[in-house]
Amino acid sequence: MGKVSKPKLKSKIDFIIRVAGEGGEGVMSCGELFAKAVARTSYHVFTFITYPTEMKGGYAMTQIRIKDITIYSMGSFVDCLVAFNQEAYDKSSPYLKEGGILIYDPEFTVIDDSKNFINYPIPFSKISVDTIGRPLGKNVVVLGILSHLYGLEHPGLEKLINDRYGSKGEKVVAGNIKALKAGASAAKEMGVTTVMDLSKSEAAAEDYMFISGNQAVALGAIAAGCRFSAGYPLTPSTSIFETLSKYLPLVGGKTIQMEDEIAAISAIIGASFGGEKVITPTSGPGLQLMAEQMSLASMLELPIVIVDVQRGGPSTGLPTKTEQGDMKFAVYGSAGESPRIILAPTGVEDTFYQTIRAFNLAEKYQMPVILLTDQSIGYRKATVKMPNFAKIFMVDKYDRKTKVKIPNAEHIDLVQRQIPTEEELLDYKRYKDTKTGISPVARPGTPEGQYLATGLEHDEYGKTNQEPDNHLKMSKKRFRKLDEVSKAFEKNPIETYGDPNVRIGIMGWGSTEGAIREARYLAELEGVKIRHIHPHTISPLPERQISKFLHRLKHLIIVEENLTGQFAHFIKAKFGVKPIEVHKCEGMPFTADEIYNAIMKVARIADEDNITSS
Amino acid sequence: MGKVSKPKLKSKIDFIIRVAGEGGEGVMSCGELFAKAVARTSYHVFTFITYPTEMKGGYAMTQIRIKDITIYSMGSFVDCLVAFNQEAYDKSSPYLKEGGILIYDPEFTVIDDSKNFINYPIPFSKISVDTIGRPLGKNVVVLGILSHLYGLEHPGLEKLINDRYGSKGEKVVAGNIKALKAGASAAKEMGVTTVMDLSKSEAAAEDYMFISGNQAVALGAIAAGCRFSAGYPLTPSTSIFETLSKYLPLVGGKTIQMEDEIAAISAIIGASFGGEKVITPTSGPGLQLMAEQMSLASMLELPIVIVDVQRGGPSTGLPTKTEQGDMKFAVYGSAGESPRIILAPTGVEDTFYQTIRAFNLAEKYQMPVILLTDQSIGYRKATVKMPNFAKIFMVDKYDRKTKVKIPNAEHIDLVQRQIPTEEELLDYKRYKDTKTGISPVARPGTPEGQYLATGLEHDEYGKTNQEPDNHLKMSKKRFRKLDEVSKAFEKNPIETYGDPNVRIGIMGWGSTEGAIREARYLAELEGVKIRHIHPHTISPLPERQISKFLHRLKHLIIVEENLTGQFAHFIKAKFGVKPIEVHKCEGMPFTADEIYNAIMKVARIADEDNITSS
Amino acid sequence: MKTISQAVNTYKSKSIKPVWCPGCGDFGVLAALDKTFKALEFKPEEIAIISGIGCSGRFSHYFNSYSLHGTHGRALPTATGLKAVRPDLHVITIGGDGDGLSIGGGHIAHAARKNVNLTYIILDNNVYGMTKGQSSPTTPLEYNTNTAPYGVYEEALNPIAMFLSYNIGYIARTTSTDMKSMHSILTEAIQHKGFSLVYIMSPCVTYSVLPYSKLKDIVKPLPENYDNSDKMSAFKYAYSDEHMYTGVFYKEDKSCLEERLQTVFDLAATSKTTSEIMTEFK
Amino acid sequence: MKTISQAVNTYKSKSIKPVWCPGCGDFGVLAALDKTFKALEFKPEEIAIISGIGCSGRFSHYFNSYSLHGTHGRALPTATGLKAVRPDLHVITIGGDGDGLSIGGGHIAHAARKNVNLTYIILDNNVYGMTKGQSSPTTPLEYNTNTAPYGVYEEALNPIAMFLSYNIGYIARTTSTDMKSMHSILTEAIQHKGFSLVYIMSPCVTYSVLPYSKLKDIVKPLPENYDNSDKMSAFKYAYSDEHMYTGVFYKEDKSCLEERLQTVFDLAATSKTTSEIMTEFK
Ligand SMILES: Cc1ncc(C[n+]2csc(CCOP(=O)(O)OP(=O)(O)O)c2C)c(N)n1
Ligand SMILES: Cc1ncc(C[n+]2csc(CCOP(=O)(O)OP(=O)(O)O)c2C)c(N)n1
Ligand code: SF4
Ligand code: SF4
Ligand SMILES: [Mg+2]
Ligand SMILES: [Mg+2]
């Protein structure tokens, strides 16, 4: 059967498991191993992780959703909750569905009996101590319990345990396998019923990866031909740089950990000047340190890609929590006027392709491209279709015309930076004021291509020139490229969904896409129709598409995860609309439910409007 | 007679002198000495300076406007031009009025005889060599010529020369005085006519200073009670820090030059935590480096004042030229959501008072305040009314109610940071979630006032807390202060001018105020009436005032000195209007003439509209 | 009185408990600093702790003092500003090897030039602990970390040699297991006039680059007859291949920022009023 | 061929002329660098000059090379990125004492740790020239500048000692008046494998802190028998109170970034394709 990628409204299988406990208790690894095992079946898997900033203590959880069709969000309520301790129980049990399964360690947790849950008190900690002499194996005990509950085969799990703990030695692996078995048999003994048998499911078709959003950035960069990354660790972006550090060398690329974010962006600017495709991953605090150099890259017209995995702010804020708080900084974050492009992927798979697109845009338009993801995408893991490697096409270095398509699994164009022709080298103008604003750039080493790239205002040759007319001309040249981008974006696949006659519309950006999509389905089940637009390019916006979308709407809802409504502000400025703004500023992503409620409220208002006006 | 501060439409005396030459030829010092001498008379003086980034060579000029009433702009065309060389002549002569006076050195300049100017070829360079053996004194020779032309008395000039060159030794002073005399007598000999006799004018009333916009910031800070500044040199803001370095110690304050802008803002954050009023001056490139720490100050709720003397951008751009290019960065320039206040002074005098206001707002609302001036204000010199030092009032440290007025020469309130009462210290909540969002802040050293200021999200006590509801609550608390600011701003003196029935309005911000004001007068002379609003607070905007202003307008013109229309974008987002945008992106300020032309164009359109619609 | 009784027991925060991993070296340093405050009988309200970001950066949370937990790498310039305006406070700056030597590395030489009268404590665990195991500037060459899966290709810094070259007036190194030495060094450093640097090897048990066992083997106190006023000999011991020497490497008495600023004020004859200054601009 | 004939005459830009004040020390350095390129017979298109901001930062404008004039203090990390991906280019980094030791000061130790194979030339005029006469990290204590009207209250840095403590493999100091020494040092430094640092005293005539006349008096070449492989002796001469020694302070042969990266690639067996990597994530 394999996985189905077309969105369907109804699914046969859709259940959600949450493993909750304390940071450092192995909540993550338990959830991850379970998810990974399921990902090897024909089901889609989607995980969400949240954990505290502190090294030890605090509430952490992994939520795993399993479905037979593509999954768009983490879901609102869970079918099965594993609680490692009291806090985990207290915080998570309100999200357990009526009649859901509750697995907890009675040694650490007192539950409220009055709730209508299927309760399984299992002493994981004690089982771990009994089996391997330490309580630390309890996460694997839980994995054993879950394997019993969901019919996962042990050989597969044991291989995963081996992959994960192999480097710590045989003894550790053996202990973990013992704990796994102990968990499974404890569950059996205590009469836990197997609710479904995942082992009966077919194996996944060969062409899926199970990756996090952060891994999607790293792999997308590698696929795009990126060969250099400089970075500095910063939660929640760090694993992008870690993944690049591991895999870039395998294809002849390089990564360098720099002393700070300023040095990191400086290094990629240097490497881009050298002719390579480059990336630096960071989050809000680091992005701020890059402001001056972003402006430099704009002025030098050098392609660079920056990934900002947004976290809760301001300042150090909530390092391990999600927020869509950096949009205004990404768009406006430089003194003076320097063009740049902002992309906002909507999920893990999209992150992979938008990363490739980010490189294409950077190389083509010679300016910084910022990819705005967030903690919820970055840490989320999902099954992602493997691209077709036979369908990757290089755009010629002399090509000035090709309209580059948005990459997808079936077709990936890779843009090569435009270089000057021999004729152009006879009197080489690095910053030639062309019709598109794009000027060919010589790769160092090219004879007669020598030029000066200066952050001072300069003429077409690159020579400093502070004359009034030159400043105006060159400013226009730089911004003309942005107009070109804007034009190209209008021809993008339309990013709207829903019947154009419907009068309620919803708009979001980035990671809220899945929750909005599910909320739409929920609303449709209630007979409420709604249109949806979710631009992937935040700046420049696909203006005509959006205008068209807005044209016949009576009610526009704009959804975003911040306090002040940054995207709404942007849309209001461009289109003069007065949206209903739905904000969430709690460090946690929207659930479909929350958005559904907002939609229904607006639908009721719309109804009343109709009554009043008729 | 003294100076008249009420704006009048007509003035008896209004003339403009431009001294133009090469950077390093003393163009600046010649112009400055002349202006200073005039400033000691009863006339108002206003200077504008532009010079190249390079150490040597390139076009530099000082333009001096002299008037019997308050001067609002540098003016468009000049009455007298001194050209030191060919480039200066070529670039400046188009701005010389018909029948204007042209003074030039025939050794270096070939002029176009066909123009209708009063030409005085005077070999300044040769006169300098003949008098003091070196051509370097030619700027003082020119000063001598100008003193003859405008009837300035030599004793005064000699004193100024002594003040300026005294530190270089008697010989230098004596040489310069010789050069001065040589210039004056050469002018007399060559039949240059004295066009007016400034020496006949009364001496200035005692209560005026002749200062640049940058000096106005430094003096405003001192008046506001600032006692610490950390800085790092950056054109065109450097003279603020230099002036503070010279004068702050005289009142017991301190300045420290730090290793970079990040260190500078860090140091003022530390000093503000210590309880002092603090400031750091910078320009665009430096402001960008401060982004992360601005966000920290917002989160720690510490008062800091940052001055951004805007220059041409992006990147290193046009270091010595003016631009209104940093507004969006000032407003949006931090990742995550951190409240701050942006003020934009309109001229030299206003800079002085807005600086005081910036300190008041920072201390009261405990957040960063950015003062957005620009090169044209910073380098401009003007006569500024001396404040009444008897009318400076301290707001009590326990006072939580006083409505602080906008400071002016007759009344200056100085806000003291709110401190906790003894009762509050019993269970001290540094970040108490009050109705206004403002919480009293303990000065280190206060027993029982100890608290933690962390950039992590925290609770009312300051303890880290990353819970969803706490993040929402504290984010709201921080932004509530901004609402308070907004409310307070509505009660500000109304910043609109003109008859409310007029249907054409013009809006600007910052340094364009003077040119717009003059353009309005010019338009009125032609019978075209126009309303004008010029908010001093860019963020938060005085929304109700602006709404009221916009309400009855048919045509709105927004004027700003950048390419993309940053302020217009902002206004469109807030008020849903569709303005006619007039941008200048050439590194030079608008002249009244340019704005006048724009107004007249719109007036014609408005007329046509009337014809069509009637 | 509350303040004093508390001073006698502990200077630690009553409401905020450390969140370090059990066994983390930083616990020892916390205890030593607390003990030192007690011995010096500081008033808690006159202590200001400014810390960076990292596991070690959490120190500011754990004391009942005026504390500022700022951004990564900026504790030192922040503390410089504070001490410049508030010479009456006891200012302690704390951070990790990444915070202090990587992102914040540019600030040390300049705090040293100013000789600002505060104590800077660097906790070196040879790794980025907080962000979970990336290379730090003191991770040894070829060691594997999460950001250097094929081995670090940068040489580790020699921090003591660097501090010496910055002409810092008080430089000491010790380990988080040696309470006695930490206490005596901290006491001396805090009392030292001018900028003092206390470098503490504080092992990370979770991303263990230089574990306690190995540290114990390489650490050795400076010889008894060591002359800590001799900079050249300090360099020699800082560069030892055999041992990681501990103790006070260097001590020098020179004028500090506060004194130099005082000279400026005296020179400038502080009696001017604001209005007198303004009249100079007439 | 145009390229070669040009190489024989001059490597300077044909269209951009220096805008320094007449007599500025930087002219001498420009000539020396040009001469060195000639002697080394570099192809102009294989030279990359990355400079900071300042009068000295203008070097990138004046050569007919691939040049990048970036922001203040960031030339070194920019050059590091360039050299990491383009080991085939001759990368020269240039900037002033402010650019390199103040705002950019944090980067040197880390470029040194990587031992990136490029030459960093610092032009020290003991002042901020470009911004018109403020204190720099090498302006002497108590000297009056525009930002220190009552005298600088920071001690000047000892840059040579700092570079030694960073374990830089090639460190030399000379003056902009000594063409012979500049030429020989630049030649050696550029050919040195790994990070080389050339420190040139290049007086500012406009904001003259250390004028030619005074410089001449204090400068002295390192002794004939000086052993530049002995770091301790290098420290001693760096700390001389009497003289400002010139010459090659220190020289050490060690593996450079390119070599270390090569090891990484070899280790990692570079034969993987993108699709093979992705299948690891199935
Ligand atoms: C600007 C910025 N960049 C990166 C980070 C992420 N970060 C937090 S702590 C840390 C390093 C911690 O290492 P160290 O200073 O050695 O402290 P430790 O945790 O080892 O005690 C980093 C990179 C940050 N908070 N801010
Ligand atoms: C971020 C930033 N801060 C400040 C400046 C202003 N600035 C330009 S050059 C310079 C210092 C120049 O001194 P130095 O590096 O010694 O070079 P010199 O002009 O003396 O050769 C400064 C502070 C800048 N361009 N960018
Ligand atoms: S990660 Fe390491 S440094 Fe951080 S608390 Fe744990 S043991 Fe300590
Ligand atoms: S100011 Fe000084 S450093 Fe700059 S060009 Fe002139 S002499 Fe040279
Ligand atoms: Mg560490
Ligand atoms: Mg210098």
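From a predicted model like this one, the values you see are computed outputs, not experimental measurements. Chain identifiers are assigned alphabetically (A, B, ...) following the order of the sequence lines, protein sequences preceding nucleic acid strands; residue numbering begins at 1 within each chain.
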Exercise for the section: Please list, in residue-number order, every residue in residues 284-295 of chain B that has a heavy atom less than 4.5 Å from any heavy atom of chain D; write 'none' if there are none. Expected result: L289(B)
Problem - Pairwise distance OG(S239(B)) to NZ(K132(D)) - rounded to 0.5 angstrom - result: 12.0 Å
Fill in the blank from the handout: dist Q257(B):CD -> Y128(D):OH (nearest 0.5 Å) comes out at 5.5 Å
Completion exercise
Tightest non-hydrogen contact, residues F241(B) and T147(D), listed as CD2-CG2, 3.6 Å
Fill in the blank from the handout: When the 4.5 angstrom heavy-atom criterion is applied to L101(D) and chain B, the contacting part is neither
Exercise for the section: Among the options P18(D), S102(D), G98(D), P22(D), pick out the one with the most heavy-atom pairs lying under 4.5 Å from chain B. Expected result: S102(D)
Problem - Greater than 12 external heavy atoms within 6.0 Å of K36(B)'s NZ - result: no
Exercise for the section: Tell me, for C55(D) versus chain B, whether the close heavy atoms (under 4.5 Å) come from the side chain, the backbone, both or neither. Expected result: side chain
Handout entry: Over 12 foreign heavy atoms within 6.0 Å of NZ, K17(D)
Key = yes
Exercise for the section: Walk me through it: do Q134(D) and E242(B) pass the test side-chain hydrogen bond (donor to acceptor under 3.5 Å, both in side chains)? Expected result: CA-CA 9 Å; Q134(D) 298 80 23; E242(B) 289 176 348; 2.6 Å; yes
Completion exercise
Note: T316(B) and G70(D) closest approach over all heavy atoms is OG1-O, 3.8 Å
Exercise for the section: Kindly assign one of parallel, tilted or perpendicular to the pair H72(D) and Y232(B), based on the angle between their ring planes and the thresholds 30° and 60°. Expected result: tilted
Exercise for the section: State the OH-OG1 distance between Y150(D) and T255(B), to the nearest 0.5 angstrom. Expected result: 9.0 Å
Problem - Heavy atoms from other residues, nucleotides or ligands near CD of E107(B) exceed 12 (cutoff 6.0 Å) - result: yes
